[in-house]
Amino acid sequence: MPTLSIEPLGQAIEVRSGQTILDACLRAGIWLPHACGHGLCGTCKVDVLEGEVSLGDASAFALMDFERDEGKALACTCTLLGDVTIEADIDEDPDAQLIPVSDFIGTVTAVEDLTHDVKGITLALPPPGMHFQPGQYVNLEIPGVTGPRPFSIANAPGEGDKVWLQVRRVPDGAATGWLHTELRPGQQLRLSGPYGQFFVRKSRGGPLLFLAGGTGVSSPRSMILDLIEEGYDQPITLIHGVRTQADLYGQQEFAELAARHANFRYVPALSQEPDGSAWAGERGFVHDVAQRLFGGGFAGLTAYLCGPPPMIEACLRTLMQGRLFEKHIFTERFLTAQDGAAKRSPVFRKV
Amino acid sequence: MSARKLGLKQRYALMTRGLDWETTYQPMEEVYPYDRFEGIKIRDWSEWEDPFRLTMDSYWKFQAEKERKLYAVLDSFAQSNGQTGISDPRYINAIKLFITGVSPLEYQAHRGFAFTGRHLRGVGPRVAAQMQSLDELRHAQTQIHTISHYNKFFNGMAEWPHMHDRVWYLSVPKSFFDDARTAGPFEFMIAIGFAFEYVLTNLLFVPFMSGAAYNGDLATVTFGFSAQSDESRHMTLGIEVIKFLLEQHPDNLPIVQKWVDKWFWRGHRVLGLVAMMMDYMLPKKVMSWKEAWEIYFTEAGGALFQDLARYGLRPPKYADVATAEAEHISHQNWCTFYQYTHAAAFHTWLPTAQEMDWLSEKYPNTFDKYYRPRYEMWAQMEKDGHRFYNMALPQLCTTCQIPMVYTEPGDPTTIAFRQSMYKNERYHFCSDGCKDIFDAEPEKFAQSWLPVHQIFQGNCGGATVPDVLDWYKLKVGEDNLDFGQSPDRKTWDEWQASKSRLAG
Ligand SMILES: Cc1cc2nc3c(=O)[nH]c(=O)nc-3n(C[C@H](O)[C@H](O)[C@H](O)COP(=O)(O)OP(=O)(O)OC[C@H]3O[C@@H](n4cnc5c(N)ncnc54)[C@H](O)[C@@H]3O)c2cc1C
Ligand code: FES
Ligand SMILES: [Fe+2]
Ligand SMILES: [Fe+2]
Ligand SMILES: [Zn+2]
C-alpha cells in the first residue's frame, strides 16, 4: 500500500488503492477541510509536494488548469499512484510529538480480572519498547480474527517497555471474546502503535477535566499519571462513569493519588447502582455528575473525553451548553463497526 | 533546509493585519450603527475563525480564470446552436423561472452581503462577506449572460428584471430577499448565510443544475459548476456565523433560534416553486421533490441539527410540517399555475400520461388520490373546448405572498387559513409558520407589497387583466398560456422540420 505523508503534521498513513486522500485522512483521524466531498467546491484543495497522483473527477472550476500546473489536487477526488507527500491547510499542534508507528511482538506477562467483564492485559515489548504519548492507543492483532482492534494504552509513558490494556468483553465480540477466554501469560501477540491524536495539550496549561466511560478510563489513567509525575499543578478532575459498583475498577489507586495530590480530584459515578445500596458516592451519568460538580459552567477548562460514543455525545452537549467549546475539548471515541454509519455535518471539525 | 515559505495562515494574518482598527475621529458606535439593535452580543470578534484565508489577490486571479472558462463554453454553445440540442422545448420554461425568479436573488444577495460586509466589526466576517458579495454579483451576471442566448429564440425572458419587481408569483422570492435585506446584519447572515446558503441551497441549485444536465443544457450546467466552486466559501461562512453567534454569548441562542425558525419556513415556502419545477417542468426528470427533500433536508439537515443541538439549538419549528408537505407542494403549485396560465410568464401544460405514471410512482400516498383526478378532469375539459382558467384574483398570504392554496396539515382537501389582527386590521396566512412570522414582527409585515392588494388599489396599470399584464410587460399570446399553442413550440417544430429536411 502506498504511503501518504501529510505536512505540516509530519504524519504518514497507509492508503488503499483507489482510496481518496480525504477518505484516508479522515479514517486515520486527520481532519482536512472539506465540504461537498465530490470534487465540486474546492474546499479540500491540497499541494502535492512529492509523488504521482491521479486527480480524479475534479471539476474544472474547483481545480483550475493553472492550479493543476502548480501541483494542486482535490483531496476528495485525488488518489495515489505511489508514495506521495502533500501539504494541507491544517494547523500544526505544538503538543503533538509525531511518533512514527512501529510493529511489535508483545509477550503476555499478566492477565487479571479488573471486573466481571474487564481484563487487564500486560504485554512486555522487546527493547527499546514503545515511545508513546499518554492517551494514544495500539492496534492489536488477535489470532484467527480479521483486522486489528484498537485498545488504549493505560500505563504511563515512563513504562514504555510494556503496554497495559484494559479490555472490556463485548457481547459476541470476536477479538475481545478471544482475549477474555483464550489469552494466557507467555503467549505472543502482534501489535502496532502508537496511534491517535488524543493526548494532553500541555502547552495550554489551566485546569483539566477528564470524563471517562467504562474502559474509557484507560487513556485518562495514562495521561493523569504522566501529569502528576511531572508536577502539573493546576486542578485535575477525573469523573469515571460505570454502571454499578461491580463495574468499577481502579478506585483504590485513584483515591490514593487524590489523597497525595491536592490538585487531583477523583469522582467515580454509578449510573445504575440499585437505590439503597451502600454506595455513598455520586450517582448518575458522567455528564450529569459533571454538570452538578461544576454548577453547569465549564468555561476556562480543557476537557478530555474518552469512552463509548453515546457517552461522548452526551458530555459534549453538557459541556457546550456550559460554554466550553470545540477548541477546548478533545475526544477519543471507542467506535465500533455499528457507529461508523452515523452521518455528520461539517459544523464540528474534531469533536 | 531552506526557509519554508509562509503558511497560508501566517500569510493571511499579515495580509489582513490591522483591517479592524479602532476609529478615532468618530466613535465606533457611529461607524458601526447597526450591529447592536438586534440584541446579539459579541464579546470578542477576534475569536472568528476564517477557514478560507483567501487573500484578495488570489481571489481575483481565481475568479478571472473561472470567467474565462465559462465564457469559452458559452461561446461554443452559441456557435453550435446549443439551444437546438435540449431534450424538449418545454424545458426552457424552467430557465424562464430561473432568470425571473432566482437570478435577481443572486443580485439581492450581492447587495445584502455588501451591506453586512460594511457593517460587521470583525475583520474575518467582513472580508468573507465582501468576497461573497462579489461572488453573488458574478453569479447574477453569468446567469444573465448564459440565459441571454436562449432569450434570442424563446419568449418570457426579455423583461426579467421588470417582471421580478411586479409579477404576482415573483413577489414570493422577491419579498423573501427584501425581508432579509431590511433586517439587521446578523439576521441577514443567519437568513441568507446560514439558512439559505447552507441549509437550503442544495434544494435550490441541485434541481436546476442537474435538471439542466439531464435536459441537454450544457450552458446552464457550466455556470452551475462555476457558481458551485464559490459555494463552499458561502456554506462555510454560514456555518461559521451560527457557531460564532452561539459561542459568543448565551443570550444569542433564543435570538438565533427565532431566526432559524423564521428563515427555514420562509425558505421552504420559496422552494415550493423549485418543487413544481422539478416534478412538472423538467421533461427528463432528475428525482422527485420528495426524494430531494429526503436527501437534502431530512438526512443532511438532520445531521446538521443534531450537531447544532450541542449548543442547545433545536431543529426549525414546523420542520415536520414542511416534510409532510413535500408530498403535496409541487402538485398544489402546478395546479395553481395551470389555472392562472394567462398571468404567468412561462408556459404550462397538463402532465402526459407517462408523466402522471411517474408522479404516481414517486408519490404513492398522494398523487392518484388527490391530484390525478384533477388533471384528468382538466384534460377532459380541454377536450370539450372548455380549458379551465381561474379569473378570480386570489387571496395572498401576508407573509410568503403565495396565494392561499395550501391545505391543512393532515387534511389535503381543506385549504388552510390563518389570521391575525393588528391595529384593527385583519391579516391572512397560509400556515401556522407564516402566521408566527407575522405575529413576531407585525409592524414589518403589515407593510408588505401584496400584488393582489396592489392591483385592487389601482397601482398595477389598471383594473382589467390585460391592463395588469401590460404593466407586467408580459406579452399576451407569447409569454403566457399553454405550451401547446405557443410561439415557442412553433419555433421548435420549425427547427425539427428543417433538421429532418437536412437529414432527409
Ligand atoms: C481508539 C479506540 C480505542 C479503544 N480503546 C479501548 C480500550 O482501551 N478498552 C476497551 O475495552 N475497548 C477499547 N476500544 C473498543 C474496542 O476496540 C472494541 O470493543 C473492540 O474492537 C471490539 O472487538 P470485537 O472483535 O470483540 O468485537 P466485534 O466482533 O468487532 O463486534 C461484535 C459486535 O459487537 C458490537 N460492538 C463492538 N464493540 C462494541 C462496544 N464497545 N460496545 C457495544 N457493542 C460493540 C459490534 O458492532 C458487533 O455487532 C477502543 C476503540 C477505539 C476506536
Ligand atoms: S470537498 Fe468539495 S471539492 Fe473536495
Ligand atoms: Fe450565488
Ligand atoms: Fe452563494
Ligand atoms: Zn404563507
Side-chain angles (χ1 to χ4, degrees), chain A residues 7-8 33-47 49 58-68 70 72 74 76 87-92 296-297 299 312-329 341-349 351, chain B residues 4-5 7-9 12 47 49 51-53 58 61-70 72-73 198-199 202 209 222-236 238-240 242-244 246-250 253 299-313:
Chain A
E7 299 293 346
H34 64 283
C36 72
H38 50 274
L40 291 180
C41 71
T43 311
C44 62
K45 208 171 288 167
V46 297
D47 281 301
L49 303 180
S59 143
F61 290 96
L63 188 68
M64 281 178 299
D65 293 337
F66 75 85
E67 297 179 284
R68 292 168 199 240
E70 288 170 3
K72 309 251 182 221
L74 298 182
C76 71
E87 179 172 2
D89 184 15
I90 36 184
D91 297 334
E92 280 169 271
I312 304 256
E313 189 55 39
C315 289
L316 283 172
R317 288 187 183 199
T318 301
L319 293 175
M320 290 201 185
Q321 285 167 41
R323 313 215 55 74
L324 188 71
F325 300 112
E326 192 175 14
K327 227 184 259 176
H328 303 282
I329 303 176
K343 205 176 149 90
R344 292 290 311 274
S345 81
V347 171
F348 297 101
R349 299 172 166 206
V351 298
Chain B
R4 271 256 299 278
K5 70 179 168 78
L8 258 183
K9 193 178 185 176
Y12 181 76
E47 303 245 305
E49 299 255 354
F52 281 100
R53 307 199 270 254
S58 36
K61 184 173 167 195
F62 279 108
Q63 302 306 77
E65 186 63 23
K66 289 179 193 171
E67 298 287 85
R68 253 196 299 283
K69 263 200 141 51
L70 172 63
V73 172
Y198 189 78
V199 187
N202 282 332
M209 297 315 138
T222 310
F223 87 53
F225 278 136
S226 152
Q228 192 155 7
S229 63
D230 299 333
E231 288 313 319
S232 61
R233 250 183 303 115
H234 304 177
M235 291 169 90
T236 307
I239 288 282
E240 196 51 44
I242 198 160
K243 288 183 72 173
F244 183 69
L246 294 173
E247 291 185 13
Q248 279 293 309
H249 200 284
L253 175 63
E299 282 173 28
L304 171 74
F305 284 104
Q306 195 177 325
D307 282 347
L308 288 171
R310 290 173 176 175
Y311 290 116
L313 195 82

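Proteins come first, then strands; the chains are lettered A, B, ... in the order of their sequence lines, and each starts at number 1.
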(message) So, taking the atom named CE in B/Met209 and the one named CG in A/Leu40, what distance separates them when rounded to the nearest 0.5 Å?
(response) 12.0 Å
(request) To the nearest 0.5 Å, tell me how far B/Thr222 OG1 sits from A/Phe61 CZ. (result) 6.0 Å
(request) Could you look at B/Gln248 and say if it's the side chain, the backbone, both or neither that has a heavy atom under 4.5 Å from chain A? (result) backbone
(message) Tell me every residue that passes ring pair (Phe, Tyr, Trp, His ring centres under 6.0 Å) with B/Tyr311, counting only those two or more places apart in sequence or in another chain.
(response) A/Phe325, A/Phe348
(request) Provide the closest heavy-atom pair for A/Cys41 versus B/Ser232 in the form atom of the first, atom of the second, distance. (result) O-OG, 3.2 Å
(message) For chain A, which candidate among B/Glu247, B/Gln228, B/Glu65, B/Glu231 shows the most heavy-atom pairs at distances under 4.5 Å?
(response) B/Glu247
(message) So, using ring pair (Phe, Tyr, Trp, His ring centres under 6.0 Å) as the criterion, who are the partners of B/Phe223 when residues are at least two apart?
(response) B/Phe98
(request) Output the option from B/Ala309, B/Gly302, B/Pro250 having the highest count of non-hydrogen pairs under 4.5 Å with chain A. (result) B/Pro250
(request) Using non-hydrogen atoms and a 4.5 Å limit, figure out which bit of B/Leu304 sits close to chain A: side chain, backbone, both or neither. (result) both
(request) For each of A/Leu316, A/Thr43, A/Val347, A/Val351, tally heavy-atom pairs with chain B at distances under 4.5 Å, and name the one with the top tally. (result) A/Val347
(message) What part of B/Lys66 gets within 4.5 angstrom of chain A, counting heavy atoms only: side chain, backbone, both, or neither?
(response) both
(request) Name the region of B/Ile242, side chain, backbone, both or neither, that has any atom closer than 4.5 Å to a heavy atom of chain A. (result) neither
(request) Examine whether an atom of B/Phe305 lies under 4.5 Å from a heavy atom of chain A, and if so say whether it belongs to the side chain, the backbone or both; otherwise answer neither. (result) neither
(request) State the NE2-OG1 distance between A/His34 and B/Thr236, to the nearest 0.5 angstrom. (result) 10.5 Å
(message) Within this structure, what is the CG-CD distance for the pair B/Leu253 and A/Gln321, rounded to the nearest 0.5 Å?
(response) 8.0 Å
(message) Please rank A/Met320, A/Glu67, A/Met64 by heavy-atom pairs under 4.5 Å with chain B and give me the top one.
(response) A/Met64
(message) At a 4.5 Å cut-off on heavy atoms, which part of B/His249 comes close to chain A: side chain, backbone, both, or neither?
(response) backbone
(request) Compare every heavy atom of B/Tyr198 with every heavy atom of A/Pro346, then report the nearest pair and how far apart it is. (result) CD-OH, 2.9 Å
